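Just the heavy atoms: all of them, side chains too, but no hydrogens, waters or symmetry mates, feed the values below. Throughout, protein chains are lettered first and strands after them, A, B, ... in sequence-line order, and every chain is numbered starting at 1. Being a predicted model, the structure only gives us computed values, none of them experimental.
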Number of protein chains: 2
Amino acid sequence: MDANNSYQAEKKYYETQASEEAFLEWYKKQSRPTYDTPSVTVDMVLFCYNREQDELKILLIKRNSHPFKDSWALPGGFVRRDEATADSCIRETFEETNVRITHQNIEQLHTFSRPDRDPRGWVITVSYLAFIGEEPVKAGDDAKDALWFSLNRSGDTLVLSDNAQKDIMIDLPSGKNLGTEKLAFDHAEIIVKAFNRIANKMYHEPQVLRVLGEEFTITEARKVYAKFLGIDYREIDHSNFKKALLDYFVEVSERATGVGRPSKIYRLKNED
Amino acid sequence: MDANNSYQAEKKYYETQASEEAFLEWYKKQSRPTYDTPSVTVDMVLFCYNREQDELKILLIKRNSHPFKDSWALPGGFVRRDEATADSCIRETFEETNVRITHQNIEQLHTFSRPDRDPRGWVITVSYLAFIGEEPVKAGDDAKDALWFSLNRSGDTLVLSDNAQKDIMIDLPSGKNLGTEKLAFDHAEIIVKAFNRIANKMYHEPQVLRVLGEEFTITEARKVYAKFLGIDYREIDHSNFKKALLDYFVEVSERATGVGRPSKIYRLKNED
DNA sequence: TCAATAGTGTCTCTCAGACAATATCCT
DNA sequence: AGGATATTGTCTGAGAGACACTATTGA
């Protein structure tokens, strides 16, 4: 206790009496942690869209180690020293799934900190959101598998599906897993947060359309929006949709392939 | 190296071979930290409004210990084990300033993680935003002072002022301190983030009006909005303003005091 | 009665949404 | 030619913003 008292006195001296330089020098010499510190992880909610299948997709990995071994989870992992969390997120996504994201299309979502959200102990996670044109994935060392799951909204339920996998179902209002196949940690909640955020912002920040890659047609954009609204794309009027979003688009070229009148091709305007 | 190799083998065994129960038991016995972990703090951006002075205010504390001793800073501090960050934020705000916040009017803002944002080393901060009717403040043990600073927007500059203190100036586009009086850490950036967030959302999420306490008049609400727009409140048309926001209000009573026709009193409707 | 304050009403212009018409391609 | 797909154009009703008017109070 005496030792502790003298440590406290010393601490107080450096914190309040000494110069800032002296304080920092002293501080760095201390081995005892001033406070108990949590681990910090990042999680990435990454969306893409497949034109042929008309499917909105979300990237998941299968965990190959405890906890939640063999469960599906968002890509992510521990933040390293000298890394901003956005960088960790980009790095981990690449390591686990071989998908390269840039700072352009990454957006911070929310930080989840329930003290019991990780069975290993105290782990806080900073979640991110991004959109990318569909890319091949390849599970890295840290993951047993990596897969684009189709994501469909049916009323208040999100259904994540893949032919070879059991469906994962999430209740939108509560953010809870519904079926037997459960996502790791609180990742269902994170996905719901991302989904709602996108649906709310899409009409004034159409970054979602990056799932279509650089270029897209009005109808393709309608299809993507329809996925977030949980409706058929034909319920979104072509003319009105175009009027609402044309300010964010730049026309780049004319024709395309396929049946019917060729569509014009657009890009997203650069950041406002 | 041999010791380390065998540790790695053991780790791999528990992570990938053993049962989850066995893994967790093993995990909790480990003394060596699996990863280097950052400290995590919270910061609170708290706004209020003083009717007599017609001033929007923000709560700052004067730091009484290094680093940034004697600088003004947002209330906040280290997150403790078994605490969600929102709880830490409420606790620290109370400890440092004697102001009680509830979960009702607290909203997560952003997590700041630049690795060099704290001279002590690796510290990540989760920032929060809240509104409260004006309350007396009293500096706690951790702070040398606690004060409501008036906040005025003049073009692209935020000016934080108090009669007895030097003005603090922040450039809105860059989030940088302008004058000689500088805020601690990256707190200028956090305040700018909060300010912009409020200004963007005010017309469809008028939670800002909680700075007026429970009840308020249309004109009082206009005055608060004008502060965020950096204009005189008379530039906001009474009639149009009311039309735009009436859906979020409930009329509670009629008359008030003062010169002129008595105003009606409103409350915010409960959460949608 | 006048100035100050606040609430109510009106006019116009714009925009969102429903729907109709036209254009271009494939078979 | 006919069906499919996409673009362009029109009509209407609701809402935003400018502005004028009325109501209530204190001096």
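One can place CZ of B/F241 at 13 Å from P of C/dA6, the figure rounded to the nearest angstrom. At whole-Å resolution of the value, CD1 in B/I236 and C1' in C/dG7 are 17 Å apart. Rounded to whole angstrom, the span from the OH atom of A/Y225 across to the P atom of C/dG17 amounts to 13 Å. Rounded to an integer number of Å, the gap from B/E220 CD to C/dG7 P is 10 Å. Taking atom CD of A/E251 as the reference point, atom P of D/dA6 lies 15 Å away to the nearest angstrom. Rounded to an integer number of Å, the gap from CG of A/L246 to P of D/dG9 is 13 Å. In this structure, A/R261 atom CZ and D/dT5 atom P are separated by 15 Å, rounded to whole Å. Summarising the geometry, the separation between NE2 on B/H204 and P on D/dA16 is reported as 14 Å, rounded to the nearest angstrom.
When distances run from any side-chain atom of A/K243 to the nucleotides D/dT8, D/dT10, D/dA6, the shortest one goes to D/dT10. In this structure, the nucleotide among D/dT7, C/dA6, D/dG26 sitting nearest to the side chain of B/V259 is D/dG26. For B/P262, whose side chain is taken as the heavy atoms from C-beta onward, the closest listed nucleotide among C/dT8, C/dA6, D/dT25 is D/dT25. The side chain of A/N240 approaches C/dG17 more closely than any other nucleotide in the set C/dG17, D/dT7, C/dT8. Comparing C/dG7, C/dT24, C/dC19 against the side chain of B/S263 picks out C/dG7 as the nearest.
Residue A/G260 is the one, among A/G260 and A/I218, whose nearest nucleotide of DNA chain D lies closer to the 5' end (criterion: closest heavy atom). Closest-nucleotide positions on DNA chain C for B/D237 and B/R222 were compared, and the one nearer the 5' end corresponds to B/R222.
Under the 3.5 Å distance criterion, the side-chain polar atoms of B/K193 are left unmatched by any main-chain donor or acceptor of B/H110. Listed for the B/D237 side chain is a donor-acceptor partner under 3.5 Å among the backbone atoms of B/N240.
Separation of the B/F112 and B/F185 ring centroids does not fall under the 6.0 Å cut-off. Between A/Y248 and A/Y266, the distance from one ring center to the other does not fall under 6.0 angstrom.
OP1 or OP2 of C/dG7 sits under 4.0 Å from a side-chain N or O of B/H238. Taking only side-chain nitrogens and oxygens, B/K264 never comes nearer than 4.0 Å to OP1 or OP2 of C/dA6.
For a distance-only test at 3.5 Å, the side chain of B/S239 qualifies as a donor-acceptor partner of the base of C/dG9.
A distance of 6.0 Å separates CG in B/L60 from CG in B/L160, rounded to the nearest 0.5 Å.
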